[in-house]
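Just follow the structure's listing: the first ligand is 1, and inside any ligand the first atom is 1.
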Amino acid sequence: LPELPEVENIALGLRKTILGKRIHRIDIRQPLILKGPHSSRWRRFMANIAGHTLTSVTRRAKRLIMTTDNRMTLLIQLGMTGKFLLRQEKSFRDHDLWQHTHMVMTLSDDVVVLYIDTRRFGRIWLLDGLNPKRPDTAMEAVGLGPLGPEALSINLTAFTRILHAQRPIKALLLDQTRIAGLGNIYADESLFAAGLHPERRCAEINDVQTRRLLQEIKAVLRRAIRAGGTTFSDFRNAYGDMGRFRSRLKVYQREGEACFACGTMIEKIVVIGRGTHFCPKCQPAG
Ligand SMILES: [Zn+2]
């Protein structure tokens, strides 16, 4: 699943190319992916967007938010395999994933934005009145679950507060209502960088470890964003590039291989139903 760094890279790529462009039309080829109160009247919603300009492409946690100058919003949850591809108008039907292309945005300057999703778990929410700087109210109003503070910007006081819990630290890091943006890859990588066992009870983590964990979460996410995210099979940015962070993963999907820091074999366990990778020596259990 795309996590914060992957969605951030998609937003960066789209912003560079489509911001300020006028939308000529939006064609929906698969209405089943649409959600929200406007989804049954999507033709009218899209007609109201046509002729308007894209004023922002932002991200909240793992959600991508595109807003127009008349405050109409497409909010995209990419699911497992959702992605965007930029094309020029003359060639946009030529690519081999055309059958999995569910939305086509035709913009000024012959730019076409395709939304492609082979496994079709992704969803597009049609919203109005969303403020891109404060999107949470509008998202919650249509039934999207509440989100905790962004993992990249949560401060130490707030982070310390959410650690007052008895559950394993890995479970907390995946809980989007407490801290938003981390998924399985970056939770495992952050815990390795901080030297914390994924099953450590949150409340047992002391102040020094808390500070270090927060620093490592942000450092891992920033490095992953700079590397264009992580691609295992499917993730691509809007230009079709793969993420380069996979080669820099220290524990995720490295079970049975030697730890880069100490040579011990990386192990894999299950924590709240999720495969979890760690080094038993660098991340001692208690
Ligand atoms: Zn190690």
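- For CZ of Arg22, the number of neighbouring non-hydrogen atoms (other residues, nucleotides, ligands) closer than 6.0 Å is 12 at most.
- Proximity of the aromatic rings of Phe84 and Tyr239 is defined here by a centroid distance below 6.0 angstrom, and this criterion is not met.
- No side-chain N or O of Gln77 forms a donor-acceptor pair with one of Arg123 less than 3.5 Å apart.
- Ion pairing between Arg71 and Asp128 fails under the 4.0 Å rule for side-chain N and carboxylate O.
- For the pair Arg29 and Trp98, the distance from NZ or CZ to the six-membered ring centre is under 6.0 Å and the angle to the ring normal is within 45 degrees.
- Salt bridge annotation for Lys62-Glu6: absent, with no cationic side-chain nitrogen under 4.0 angstrom from a carboxylate oxygen.
- Protein N/O/S atoms closer than 2.8 Å to the Zn ion (ligand 1): Cys259 SG, Cys262 SG, Cys279 SG, Cys282 SG.
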